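In what follows, a single structure is set out as structure tokens and then discussed.
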Amino acid sequence: MVSARDPAIPEISVRSVTKRFRGAVALHDISLTVERGEFVTLLGPSGCGKSTLLKLVSGLSPASDGCIEVNGMTPENAREIMSFIFQDPTLLPWRTVAENVGLGLELEHAARDLRKERVVEMLQLVRLDHVARRYPRELSGGMKMRVSIARALVSRPRILLMDEPFAALDEMARDRLNEELLRLYAEQKWTVLFVTHSLAEAVFLSSRIVILAAHPGRITHELRVDLPWPRTAETRESSEFEEIVTQASRLLRGVVMA
Amino acid sequence: MKKKSLLLLNSLIVLACLLGLWQAVVWLNHLPAYLLPGPGAVALAALDRLPSLLNSLRITTIEAAAGLAASIVAGVAVAMVFAQWRWLRQLVYPYTILLQTVPIVAIAPLVIFWAGPGIFAVTVVTFIICLAPIIANTTQGLISVDENLIHLFMMHKATPSQILLKLRLPNAMPSLFTGIRISAGISVIGGLTGELFAGSTRVGEGGLGYAILYANNQMETSYLFALVVAATVLGFAFFFVVMFFEWLALHNWHESSRPQTAE
């Protein structure tokens with residue numbers, strides 16, 4: 001699934017993209033192809049533009065130069081098949097958990113019955129059906145993030161764009177959510193573009209890691225993660241895992257030092 | 001709950017002590033009622049002229065409430081326009097501050113000159129004085145929305161009106177209520193000020209401001225005190241009504257109404 005290049009249109013195709021902010025080059029000549037079903041993580045020091053690249057793919061911010069296609073469409077036109085998950089849960093505090101999860105369908109004027117059904121389904125998926133009527137302020141950080149994920153999944157996206165979604169959580173909550181994310185990934189067969197600055201998280205989740213350097217932001221290395229699927233908590237204890245983390249760490253150190 | 005009723009009892013005791021002290025000062029110094037009436041004399045004056053006191057209270061209540069309500073409607077509408085068009089906000093917003101700095105005692109005679117004396121003119125004065133806090137606070141609430149939330153709505157292809165109604169407006173509710181609370185307090189002052197200039201279309205009958213002026217001219221100091229107490233209570237009542245609506249609208253989700261666990 002990971003190694004074979006599909007002759008069909010790639011899910012995400014970034015070709016010679018440059019992004020400038022008021023003259024400063026944030027991203028320089030980025031080319032990246034993500035095939036259907038891949039879990040690709042962008043890893044790099046702060047200021048390398050990994051979040052910016054994610055914003056470009058989502059169409060929330062336009063590229064200065066180059067071309068981005070999502071399933072053969074412009075990012076704006078591909079919004080229906082994409083969902084963005086932010087670093088903060090960004091829940092609407094005045095809505096209950098269920099109302100937050102149903103937001104996307106509501107904005108798209110989906111029928112009430114369908115909405116209800118999907119919300120229940122998504123809350124079961126992230127194991128939060130027992131807090132459907134609660135308000136965000138009553139939830140823990142990890143629970144809020146799961147609500148945010150449920151909200152992103154409710155419109156059945158094919159592509160997930162995740163911008164350091166677990167960065168604000170403690171390590172235990174983060175590990176648990178990583179495992180949960182992979183369980184869903186195996187079930188739902190998404191394509192994922194994930195941003196993090198945590199090495200262990202990147203290695204655990206990804207089928208491929210893309211390492212970026214800063215000033216200007218550019219891709220320096222790519223690293224395949226050939227750990228067997230399904231990955232569980234035990235995967236983190238294997239010697240192969242340690243090996244890849246060491247390898248990635250060495251590459252990343254080279255990038256930061258340079 | 002027990003603690004709360006104890007607190008209430010204590011405040012009532014403090015009130016009783018203050019009233020007792022006041023009465024004692026009047027008695028011990030043999031002050032005449034026209035100079036400083038005791039609380040007893042004030043209560044008697046209030047009872048004696050209860051119908052006209054209640055009528056004045058009714059008139060001022062109508063003026064202040066109508067002016068406040070109109071300022072909320074107009075203020076929210078203006079704030080929504082400001083939130084939607086940034087350039088317009090930058091162009092016009094500074095001038096709304098003039099509403100706050102303009103001396104209302106100077107404006108009131110003008111308004112009465114234009115609108116003619118009576119309840120309507122006083123309502124307009126109240127409206128003017130209440131408008132600025134509503135506009136300022138609501139605008140702030142409408143524009144200070146987390147950028148990621150805007151992005152979230154954009155990812156779902158939300159229309160501008162969906163962003164306004166489902167994101168900006170609910171986000172502005174807490175600051176809108178802050179504005180209303182400020183305006184509720186000054187709405188009664190606005191009403192009284194307006195009435196000082198043109199509270200009445202018939203001699204001897206008008207709102208609290210007019211009645212205060214009248215009682216002052218007639219040297220009915222006891223009744224004057226009763227009117228002042230009535231105006232103060234009215235301001236309090238406005239404030240608490242707004243607090244109640246605020247609680248109703250926000251207690252489910254907003255931090256301000258989270259039950260206090262520690263003191």
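The chains referred to below are lettered A, B, ... by the order of the sequence lines, with proteins before strands, and numbering in each begins at 1. Worth knowing before you read on, the calculation uses all heavy atoms, side chains too, and leaves out hydrogens, waters and symmetry mates. Quantities reported herein were computed from a predicted structural model and do not represent experimental measurements.
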**Complete:** Between the CG atom in B:Asn252 and the CD atom in A:Glu138, the distance rounded to the nearest 0.5 Å is 8.5 Å

**Asked** Does a sphere of radius 6.0 Å around CZ in B:Arg181 hold more than 12 heavy atoms from other residues, nucleotides or ligands, not counting ones at 6.0 Å or beyond?
**Response** yes

**Prompt:** Is the number of heavy atoms from other residues, nucleotides or ligands within 6.0 Å of CD (A:Glu171) greater than 12?
**Reply:** no

**Fill in**
Between B:Leu149 and A:Thr90, the two heavy atoms sitting closest are CD2-O, 3.1 Å

**Prompt:** Is any side-chain heavy atom of B:Met155 less than 4.5 Å from a side-chain heavy atom of A:Ser58?
**Reply:** yes

**Request:** Please flag which part of A:Ser155 lies under 4.5 Å from any non-hydrogen atom of chain B: side chain, backbone, both or neither.
**Result:** side chain

**Request:** Quick one: which of B:Ile150, B:Leu152, B:Leu167 has the most heavy-atom pairs under 4.5 Å with chain A, could you say?
**Result:** B:Leu152

**Complete:** In short, B:Lys157 meets A:Arg79 closest at the heavy-atom pair CE-CB, 4.4 Å

**Asked** Should we say atom CD of A:Glu80 is surrounded by more than 12 heavy atoms from elsewhere, each under 6.0 Å from it?
**Response** no

**Message:** Let me confirm one number: the NE2-OG1 distance from A:His109 to B:Thr159, rounded to the nearest 0.5 Å.
**Reply:** 6.5 Å

**Item:** Pairs flagged by side chain to side chain donor-acceptor pair (under 3.5 Å) wherever residues 59-68 of chain A is involved - sequence neighbours left out
**Value:** A:Lys19-A:Ser61, A:Arg20-A:Asp65

**Request:** Search all heavy atoms of B:Gln162 against all heavy atoms of A:Glu106 and return the closest pair with its distance.
**Result:** NE2-O, 4.3 Å

**Item:** Aromatic plane relationship, A:Phe86 with B:His151 - under 30° parallel, 30 to 60° tilted, over 60° perpendicular
**Value:** parallel

**Shortest non-hydrogen contact between B:Pro170 and A:Trp94, atoms and distance** = CB-CE2, 3.2 Å

**Prompt:** Would you say the side chain of A:Gln87 lies within less than 4.5 Å of the side chain of B:Asn148, judging by non-hydrogen atoms?
**Reply:** no

**Message:** Atom CD of residue position B:Glu147 - does it have more than 12 heavy atoms of other residues, nucleotides or ligands inside 6.0 Å?
**Reply:** no

**Request:** Mind ranking A:Leu91, A:Asp88, A:Leu103 by heavy-atom pairs under 4.5 Å with chain B and telling me who comes out on top?
**Result:** A:Leu103

**Message:** Test side chain to side chain contact (heavy atoms under 4.5 Å, CB included) on A:Arg95 and B:Lys166; report intermediate values, then the result.
**Reply:** CA-CA 10 Å; A:Arg95 284 174 172 242; B:Lys166 290 183 193 283; 4.0 Å; yes

